[in-house]
Amino acid sequence: MLLTPGPTAVPEFVRTAMSDLTLHHRTPEFEAIFEEARGLLLELLDMPEAVILASSGTGAMEACVTNLTHSKALTINAGKFGERFGKICNAHSIDYTELKYDWDTPANVDDVLEAIEQDSSIDAIFIQICESAGGLRHPVEQIAKAVKEKNSKITIVADGITAIGVEKIDTTNIDAIITGSQKALMLPPGLSMIGFSDEAVKKIEQKPAGYYFNLLSEIKKQKTNTTAYTAATTLIIGLKAILSKIKQDGFDKLYAKTELRAKSTREALKAIGLKVYPKTPACAMTTVYCEESNALRKQLQAKYNLNIAGGQDHLKGKIFRINHMGLVEDFEATWAVNAIEKAMDDLGLRKFDGTANKVFMENNFEK
Ligand SMILES: *Cc1c(COP(=O)(O)O)cnc(C)c1O
């Protein structure tokens with residue numbers, strides 16, 4: 001059972017949709033599929049414009065950094081993915097300042113305001129909605145609102161790779177929102193998507209950058225339901241399939257179920273003495289601080305057929321992360337907390353008494 005916070009399991013109906021003959025991308029047949037996928041994507045992102053790129057999520061991060069920073073970037077680093085925005089700036093010799101936090105600590109509105117007050121050359125801010133390194137939720141909407149009140153010209157770029165399709169994001173003050181195929185959208189890796197505000201499109205038009213990741217050429221082409229270069233046709237067919245299904249079930253229903261599953265999991269794990277790592281946990285995943293994380297994950301894999309993620313860098317062997325993104329069934333989520341409780345017993349950490357399952361069920365099915 002794959003319960004890592006990306007890649008997530010690809011549902012059977014999506015695999016089936018993608019198993020058909022390869023289409024040529026410059027055909028009316030494919031353009032009709034593209035148009036439908038794009039329409040659904042704009043709805044999901046709640047933005048007036050969007051592009052679909054053939055790259056992993058990092059490609060979209062890079063495209064936003066190069067096309068939306070004109071003088072200086074402010075990057076928020078509370079983990080691996082926030083750090084990556086800085087590395088991208090470095091790779092392109094783009095001037096940037098970084099606000100750094102512990103991996104369990106969300107960015108603070110006042111720190112961001114202070115940073116832009118101290119340096120008037122900052123024209124773009126890059127932040128994760130959920131920083132997946134520690135499973136942390138940043139207060140992106142509050143930061144975006146406060147920044148726009150001070151200076152509406154500053155572009156807000158939100159990496160929503162583990163937030164889009166997880167929860168409803170208020171995009172009122174966000175200029176670009178990034179997502180990828182292999183997390184909440186339950187597709188194989190290989191697609192990234194960016195939603196844009198009208199202001200972001202204008203800024204891109206002023207000074208488009210790069211060749212493959214030139215967002216102006218993509219925006220122009222994709223408005224006409226084609227792509228600048230060969231489209232990732234199979235994945236876009238999958239995107240259309242998954243977004244149609246999510247829409248049919250109701251976006252809000254997916255968000256509510258994901259939130260409840262995340263809460264039920266956190267409560268279940270707390271009830272068996274485990275510590276939720278981030279101060280502000282995101283709904284995309286539950287991250288637990290646990291010194292025996294490596295042994296536990298090994299046991300879960302070997303005996304309970306459960307694959308969850310560990311940590312990176314200084315949190316290697318210190319945390320584990322359980323995915324809540326996508327169409328996770330209740331029986332899968334409850335199996336995860338059950339298996340963790342049993343594996344803790346196997347390792348002599350805590351005697352099994354079924355508490356995790358009980359608490360999960362009580363929370364997940366409360367009346
Ligand atoms: C997975 C992820 C990315 C993108 O990583 P890729 O490996 O390039 O797809 C970016 N940001 C966050 C927060 C992520 O979780």
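Read the numbers this way: they start at 1 and go in the same order the structure lists the ligands and their atoms.
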Would you find a donor on one side and an acceptor on the other, under 3.5 Å apart, between the side chain of Arg321 and the backbone of Ser132? yes
Could you tell me whether the side chain of Asp175 and the main chain of Val157 form a donor-acceptor pair under 3.5 Å? no
Side-chain heavy atoms under 4.5 angstrom apart, residues restricted to Ile, Leu, Val, Met, Phe, Trp, Tyr: same cluster for Val166 and Leu327? no
Tell me, please, whether Phe352 has Lys342 positioned over its six-membered ring: NZ or CZ under 6.0 Å from the ring centre and within 45 degrees of its axis? yes
Table please: side-chain donor-acceptor pairs of residues 227-237 below 3.5 Å, with sequence neighbours left out.
residue, atom, partner, partner atom, Å
Thr227, OG1, Tyr229, O, 2.6
Thr227, OG1, Ala231, N, 3.4

Listing by chain and number, which residues have a heavy atom under 4.0 Å from ligand 1? Ser56, Gly57, Thr58, Met61, Phe81, Arg84, Gln128, Cys130, Ser132, Asp159, Ile161, Thr162, Gln182, Lys183
Check the orientation of Tyr289 and Tyr277. Use parallel for under 30°, tilted for 30 to 60°, and perpendicular for over 60°. parallel
